[in-house]
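Fair warning: this is a prediction, and the values are worked out from it, not measured in the lab.
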Amino acid sequence: MATDYSLVFCSCPDKNTAKAIAEKVLRARLAACVNISAPSTSLYWWDDHIHSDEEVMLTIKTQTTHLDALFESVQSAHPYEVAELIASPITKGSDAYLNWLKEVTT
């Protein structure tokens, strides 16, 4: 049952973008909950240079069956040329929480 659910991580350039994406996937019932982190500094390779930017991270809880639609929805609203979208399986969770997650994303 637990691998039926996933956490998706997605970095965003600012809180407004993060909130817009979070609301979009929640309204589409592709996610049960989205956390928006405090700003942090990201260092990364792009165009053969190391860049440093302030970003906020989304942590999205969803059913694994929704991953393709969720990724498509986020990518269509995301301003980055290459949006960071990484899914990780939830291997354990409380029955009550996972049942709620399934209920609100069905």
Given side chain to side chain donor-acceptor pair (under 3.5 Å), test Y44 with E55 step by step and report yes or no. CA-CA 12 Å; Y44 56 94; E55 295 182 304; 5.7 Å; no
What distance separates [X] [atom1] from [Y] [atom2], expressed to the nearest 0.5 Å?
X	Y	atom1	atom2	result
D4	T65	CG	OG1	8.0 Å
S73	H66	OG	NE2	12.0 Å
L43	D53	CG	CG	8.5 Å

Taking side chain as C-beta onward, heavy atoms only, is [X] less than 4.5 Å from [Y]?
X	Y	result
S6	L67	yes
T59	V34	no
I50	W45	yes
S42	S52	no
S11	Y80	yes
C10	H78	yes
I60	L70	yes

What are the two closest non-hydrogen atoms of [X] and [Y], and how far apart are they?
X	Y	result
K19	I36	CG-CD1, 3.6 Å
Y5	L98	OH-O, 3.5 Å
C33	Y97	CB-OH, 4.0 Å
S88	F9	CB-CE1, 4.2 Å
L26	A31	CD2-O, 3.4 Å
A32	W100	O-CH2, 3.3 Å

Which residue is it: V8, L58, I21, L30? I am looking for the one with a side-chain contact (heavy atoms from CB on, under 4.5 Å) to V74.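 That would be I21.
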N/O donor-acceptor pair under 3.5 Å between [X] side chain and [Y] backbone:
X	Y	answer
T105	L101	yes
R29	V104	yes
T106	K102	yes

Linked, directly or transitively: M57 and V25 (ILVMFWY side chains, under 4.5 Å):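 Not linked; separate clusters.
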Intermediate values then yes/no, side chain to side chain donor-acceptor pair (under 3.5 Å), T41 and E54: CA-CA 4 Å; T41 303; E54 188 171 275; 5.6 Å; no
E72, CD: over 12 other non-hydrogen atoms inside 6.0 angstrom: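 Open.
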Tell me whether the rings of H51 and H49 are parallel (<30°), tilted (30 to 60°) or perpendicular (>60°).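 Correct class here is perpendicular.
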